[in-house]
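What follows is a short report on a single structure.
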Amino acid sequence: DGGITQSPKYLFRKEGQNVTLSCEQNLNHDAMYWYRQDPGQGLRLIYYSQIVNDFQKGDIAEGYSVSREKKESFPLTVTSAQKNPTAFYLCASSTTSGRSNEQFFGPGTRLTVL
Amino acid sequence: GEDVEQSLFLSVREGDSSVINCTYTDSSSTYLYWYKQEPGAGLQLLTYIFSNMDMKQDQRLTVLLNKKDKHLSLRIADTQTGDSAIYFCAGADTGRRALTFGSGTRLQVQP
């Protein structure tokens, strides 16, 4: 089955720790995205990557870092510099060919800071 | 950049039609999307409309686009309890190929 997987589903972090959220896709998509969702709010863009070894900051990149060493993988690290990291994190991917930017989403990771 | 707004809550009875509304600011958005999110899950693409279209119908779903007023709506016919979810509209930021989402409309379907 083609799709996007995220792991873990739930993640607990102590204050001051870095944690890495995994995102893998087998859709052969060039572009991948990380969004953050807070209760009662829409999704906000953290980072995005349109090609391997390249990525750009989104609207709320402070306290986060990413890498794109492989086309299939786009891990997100939540660093200790992120002041309020408790949220639901969603990864998405899309093609870069064509005009439509239809994005496919993973099931999400819920991060809680203890 | 794009700014997208939605009403927060809608309650309907099973079998009725639901209409979820959205307004956007960036008239250069080429595509506008509707996504559905069930509790604790990711987003599922329901449908999208190209900016040169006024209407798109897909089974129980009808999307209407009023470009003059920058207004987008999603109509769900014969609403079922399984349609209870949060619905997001989104516009494509063509500059960076990312999506700008509204805050979501929670649809509650009462039996």
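Side chains included, hydrogens not; waters and symmetry mates left out as well; all remaining heavy atoms used. Lettering follows sequence order; numbering is per chain, from 1. From a predicted model like this one, the values you see are computed outputs, not experimental measurements.
- A:Gln56 does not touch chain B: none of its heavy atoms, backbone or side chain, sits under 4.5 Å away.
- At a 4.5 Å heavy-atom cutoff, the contact between A:Leu43 and chain B is made by backbone and side-chain atoms alike.
- Criterion: ILVMFWY side-chain heavy atoms under 4.5 Å apart, direct or through other members. Under it, B:Leu72 and B:Met53 are part of a common hydrophobic cluster.
- Under a hydrophobic clustering in which Ile, Leu, Val, Met, Phe, Trp and Tyr are joined whenever their side-chain heavy atoms come within less than 4.5 Å, directly or via other members, A:Val66 and A:Phe105 fall into different clusters.
- Remark: B:Lys56 NZ is packed, more than 12 non-hydrogen atoms of other residues, nucleotides or ligands lying under 6.0 Å away.
- Of the atoms belonging to B:Gln44, not a single heavy atom falls under 4.5 Å from chain A.
- Shortest non-hydrogen contact noted between B:Gln37 and A:Phe88 is NE2-CE2, 3.7 Å.
- Both B:Leu65 and B:Leu74 sit in one connected hydrophobic cluster of ILVMFWY residues. Membership requires side-chain heavy atoms under 4.5 Å apart, directly or through other members.
- The line from OG1 of B:Thr100 to CZ of A:Arg44 is 13.0 Å long, rounded to the nearest 0.5 Å.
- Placement of B:Met55 and B:Leu32 in two distinct hydrophobic clusters is found when ILVMFWY residues are connected by side-chain heavy-atom separations under 4.5 Å, directly or transitively.
- When all heavy atoms of B:Tyr33 and A:Glu102 are compared, the pair lying nearest together is OH-N, 3.5 Å.
- Listed here is the closest heavy atom pair of A:Gln37 and B:Phe88: NE2-CZ, 3.4 Å.
- Taking A:Ala92, A:Cys91, A:Pro107, A:Ser94 one by one and counting their heavy-atom pairs under 4.5 Å with chain B, the maximum is reached by A:Pro107.
- In the hydrophobic clustering of ILVMFWY residues, with side-chain heavy atoms under 4.5 Å counting as a link, A:Leu45 and A:Phe74 come out apart.
- Both the backbone and the side chain of A:Gln103 have a heavy atom closer than 4.5 Å to some heavy atom of chain B.
- A pairwise comparison of heavy atoms in A:Leu90 and B:Gly42 identifies CD2-CA, 3.6 Å as the closest pair.
- Residue A:Ile51 qualifies as open at atom CD1: its count of foreign heavy atoms under 6.0 Å is 12 or below.
- B:Leu43 contributes atom CG, which lies 9.5 Å from atom OH of A:Tyr35 (distance to the nearest 0.5 angstrom).
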